[in-house]
Amino acid sequence: MKYLITGGAGFIGSQLAETLLKGNKEVYIIDDLSTGRIQNIEHLKSNRKFHYTIESIFNDSVLAELIDQADIIFHLAAAVGVRLIVERPVQTIETNIRGTEHVFKHADKKKKAVFIASSSEVYGKSDKIPFKEDDDTVMGPTTKARWSYACSKAIDEFLALAYWRERKTPTIIGRFFNTVGPRQTGRYGMVIPRFVKQALTGQPITIYGTGEQSRCFASVNDVVNAMIKLAHTEQARGQVFNIGSDEEITINDLAEKIKEKTRSSSPIKHIPYDEAYESGFEDMQRRVPDLSKIKKAIGYQPSKNIDQILDAVIKYIKNTKDA
Ligand code: UDP
């Protein structure tokens with residue numbers, strides 16, 4: 001089996017590549033290093049079964065050739081991170097929508113299977129907890145840049161499902177909830193690497209809003225294993241799956257936990273959303289997946305709890321100079 005990972009030098013992409021290579025598979029990646037980092041794949045370069053192309057997925061002939069070679073495509077190339085989305089909405093919308101269009105255009109010709117990385121953001125500000133795959137999405141207004149990401153991912157899902165219905169192009173959609181682990185950067189807003197770095201360097205730990213909002217954090221290893229299983233499950237085609245953890249923690253408790261685990265003397269500071277992101281920024285208060293569908297399909301069970309996840313991230317950031 002040959003696999004292509006778009007966005008393969010990113011946090012999740014590089015972990016996926018590593019797992020596939022451990023299973024002795026042939027892995028091709030394409031990444032333009034816009035948010036991915038070459039350091040993420042440095043340790044894979046010497047593997048004979050690893051092939052990397054540093055190029056944009058908008059280079060049609062390069063993408064076409066890579067897709068031709070692959071049996072399964074994991075499409076992860078996208079703009080992610082709330083900070084990036086708020087700061088660069090044009091890049092977010094164009095990369096996410098046009099990128100998926102390009103991948104399907106080529107995958108469709110040879111009916112290659114495409115796994116699409118979508119996001120729990122598509123649930124929008126729904127307060128019907130836990131979120132089930134067929135629930136309504138509750139989108140915010142177009143005047144708030146944050147919702148452009150949710151909308152772009154929803155369009156990606158519509159497009160993938162349209163290819164499946166109309167042209168029988170095999171597709172599987174994974175809606176990722178907060179995914180964490182070594183190699184994730186805090187540069188685009190992700191809370192755990194940011195808090196850990198702040199705690200380890202004695203900087204204030206910056207909680208946005210009241211900190212009473214909560215999230216469920218899943219280990220990237222669990223997420224990657226689920227992606228591989230779903231991509232090989234015939235009955236999963238044409239379907240949407242939540243992927244993540246349902247262990248909920250408030251951001252205040254998360255900050256306390258990280259402070260304690262790192263034995264940090266950093267103060268904990270609350271910052272209004274307007275200052276942290278943009279004026280009138282809307283955050284999701286709770287985001288909990290219903291995991292019954294993925295459990296039934298592939299027997300999915302998160303194997304790591306928040307303490308184990310944090311220990312791995314703290315160890316990684318401590319040992320990596322430019323983490
Ligand atoms: N957050 C925070 N401080 C930070 C970064 C994020 O308090 O330095 C909060 C953010 O407002 C959100 C939660 O942590 O409520 C998770 O943020 P992240 O960007 O990691 O993921 P999201 O779930 O928002 O996509």
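In each ligand, atom 1 is the first atom listed, and ligand 1 is the first ligand listed.
- The backbone N or O of Asn305 sits less than 3.5 Å from a side-chain atom of Gln308, completing a donor-acceptor pair.
- With a 6.0 Å cutoff to the six-membered ring centre and a 45° limit on the axis angle, Arg286 does not count as a cation-pi contact of Phe131.
- Applying the side-chain contact (heavy atoms from CB on, under 4.5 Å) rule to Lys229 yields the partners Ile298; only residues at least two apart in sequence or on another chain are considered.
- Atom CZ of residue Arg215 and atom OG1 of residue Thr250 lie 11.0 Å apart, to the nearest 0.5 angstrom.
- When hydrophobic side chains of Ile, Leu, Val, Met, Phe, Trp and Tyr are connected at separations under 4.5 Å, Ile205 ends up clustered with Val180, Val191, Ile192, Phe195, Val196, Leu200, Ile207, Phe217, Ile249, Ile251, Leu254, Ile258, Ile268, Ile306, Ile309, Leu310, Val313, Ile314, Tyr316, Ile317.
- The stretch residues 195-204 participates, sequence neighbours left out, in these side chain to side chain donor-acceptor pair (under 3.5 Å) pairs: Gln198-Thr206.
- Contact residues of ligand 1 (protein heavy atom closer than 4.0 angstrom to a ligand atom; sorted by chain and number): Val82, Asn178, Gly189, Met190, Val191, Arg194, Phe195, Thr206, Ile207, Tyr208, Gln213, Arg215, Ile251, Tyr273, Tyr277, Asp283, Arg287.
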